[in-house]
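Below is one structure, written out as structure tokens; the observations come after it.
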2 protein chains.
Amino acid sequence: MDRDAAAARQEIALLLRRLNVELDAVGQRFAELHGLNRTDVRALVAIMDAARRGEALTAGRLGEAVDLRSASVTALVDRLEKVGHVRRVRDPEDRRRVGLELSDSAMAAGAEHFGGLARDLSAAMEDYTEEELALVRRWLEDMTGVIMRHSRGAP
Amino acid sequence: MDRDAAAARQEIALLLRRLNVELDAVGQRFAELHGLNRTDVRALVAIMDAARRGEALTAGRLGEAVDLRSASVTALVDRLEKVGHVRRVRDPEDRRRVGLELSDSAMAAGAEHFGGLARDLSAAMEDYTEEELALVRRWLEDMTGVIMRHSRGAP
DNA sequence: CGTTAATATCTCGACGATCGAGATTATCGA
DNA sequence: TCGATAATCTCGATCGTCGAGATATTAACG
């Protein structure tokens with residue numbers, strides 16, 4: 001087996017890790033720009049993702065999304081509510097539940113920051129043919145599958 | 001311009017984000033398995049990266065790598081030293097400096113966990129031709145460039 | 001129904017990670 | 001030699017997270 005090919009694959013793996021670092025830094029930058037911490041940003045993203053999917057997150061489900069216990073979720077939502085990024089909305093169906101709604105300003109800030117990145121990524125991909133992108137997509141799915149076996153299940 | 005193509009590019013961008021989440025989870029898992037926090041893991045990885053490059057990190061440069069102030073670096077190295085993952089080694093050239101050396105056990109644990117992922121990623125890439133991997137590589141470099149413009153410089 | 005169990009969130013006290021300011025020790029430059 | 005600069009450490013304060021327990025609401029079941 002070619003050593004060159006193996007080295008090339010290792011380089012690609014390193015490149016992927018580098019991309020990972022930079023992608024995390026995008027969230028970090030959003031946090032700094034808006035006086036938030038990493039958890040706050042992850043929470044806002046989770047709420048935005050749910051909103052884009054048409055569902056409003058409850059406090060509990062947000063906790064699952066960002067892996068926090070209920071006490072921390074209460075503190076988290078307190079922080080986000082205090083700066084006006086989210087509203088608590090009691091669910092009339094089940095009055096124990098607390099729904100979370102993003103404010104327009106938070107929605108706009110998120111769209112500006114992360115939507116801008118998505119737009120630029122999409123634009124950069126215009127240089128690729130449909131077949132090339134299909135290959136990239138298959139590769140991404142393959143790598144994600146491998147990574148998930150390490151991030152969740154057995155070694 | 002085709003709406004299908006634009007949608008396909010957006011899907012790939014989402015796939016990339018998903019991969020990023022799982023890659024973060026790999027570090028998270030390593031942290032849980034070894035009773036560490038995220039910062040500790042990032043520090044160990046930074047020290048391992050430097051070691052693989054042949055240089056020993058000083059406390060100060062580690063702080064730059066993981067973005068911590070000196071007070072926090074002291075506490076961080078205290079933690080890692082207490083569990084036997086690193087040693088402080090005063091630099092004889094400049095006795096103000098504190099070099100950081102990974103213990104064999106920490107090195108082994110890191111190689112096991114992250115090296116195992118690298119190995120599996122490399123193996124999964126054996127299904128791709130040289131030309132295909134060259135394309136993937138170019139794509140990764142392009143995307144990283146775009147992302148870096150968002151993680152560092154102007155919006 | 002009415003009582004008990006289960007669920008969702010919140011409160012409280014404690015702990016750990018991070019920081020700024022300042023102290024300490026070592027090197028460098030004039 | 002001596003003052004300026006640099007690298008690390010110490011100390012006290014702040015913030016995010018958690019476990020345990022409290023509160024309020026719904027579900028289950030005789």
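In the text below, chain A, chain B and the rest are named by the order of the sequence lines, each starting its count at 1.
To the nearest angstrom, C1' of dT8(D) lies 15 Å from CG of L57(B). In this structure, CG of L36(A) is placed 14 Å from C1' of dG16(D), rounded to the nearest angstrom. Following rounding to the nearest Å, E93(B) (CD) and dA6(D) (C1') show an atom-to-atom distance of 16 Å. Between N37(B) atom CG and dC18(D) atom P there is a gap of 12 Å when expressed in whole angstrom units. For the pair D78(B) CG and dT8(D) C1', the computed distance is 11 Å after rounding to whole Å. Atom CD in E64(A) sits roughly 13 Å away from atom P in dT7(C) (whole-Å rounding). Rounded to whole Å, atom P of dA17(C) lies 17 Å from atom CG of D67(B). Here dG16(C) presents its P atom at 18 Å from CZ of R69(A), a figure rounded to the nearest Å.
Between dA8(C) and R97(A), a contact under 4.0 Å exists linking OP1 or OP2 to a side-chain N or O. Contact check, R96(A) against dA24(D): no side-chain N or O comes under 4.0 Å of OP1 or OP2. Contact annotation: T39(B) reaches the phosphate of dT18(C) (side-chain N/O to OP1 or OP2, under 4.0 Å). A sub-4.0 Å separation between OP1 or OP2 of dC10(C) and a side-chain N or O of R88(A) is present. For the OP1/OP2 pair of dT18(C) and a distance below 4.0 Å, the side-chain nitrogens and oxygens of R79(B) include at least one atom meeting the criterion.
No engagement by R38(A) is indicated, since no non-hydrogen atom pair under 4.0 Å with the nucleic acid exists. L68(A) comes within 4.0 angstrom of the backbone, heavy atoms only, and of no base.
Judged by atom type and distance alone, R95(B) does not reach the base of dA26(C) through any side-chain donor-acceptor pair under 3.5 Å. Counting distance only, with no hydrogens placed and no angle test, the side-chain atoms of S72(A) and the base atoms of dC18(D) include no donor-acceptor pair under 3.5 Å.
Under 4.0 Å is where a charged nitrogen must lie from a carboxylate oxygen, and between R17(A) and D49(B) at least one such pair does. Between D78(A) and R88(A), at least one side-chain nitrogen of the basic residue sits less than 4.0 Å from a carboxylate oxygen of the acidic one, meeting the salt-bridge criterion.
The side chain of A71(A) has dG19(D) as its nearest neighbour among dC9(D), dG19(D), dC19(C). Distance from the side chain of V98(A) is smallest for dC10(C) among the nucleotides dC10(C), dT8(D), dG20(C).
Proximity of a side-chain donor or acceptor of H113(B) to a complementary backbone N or O of A109(B) within less than 3.5 Å is not detected.
We find the CZ-CG distance between R79(B) and D40(B) to be 4.5 Å, quoted to the nearest 0.5 Å. Between atom CZ of residue R87(A) and atom CD of residue E81(A) there is a gap of 9.5 Å, rounded to the nearest 0.5 Å.
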| task | Before giving the answer on side-chain contact (heavy atoms from CB on, under 4.5 Å), spell out for F30(A) and V45(A) the whole-Å C-alpha distance, their side-chain angles and the decisive distance to 0.1 Å. | result | CA-CA 11 Å; F30(A) 182 80; V45(A) 169; over 6 Å; no
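Judged by closest nucleotide on DNA chain D, L76(A) is the one of D91(A) and L76(A) placed further toward the 5' end. Between A75(A) and R90(A), the residue anchored nearer the 5' end of DNA chain D, judged by the nucleotide with its closest heavy atom, is A75(A).
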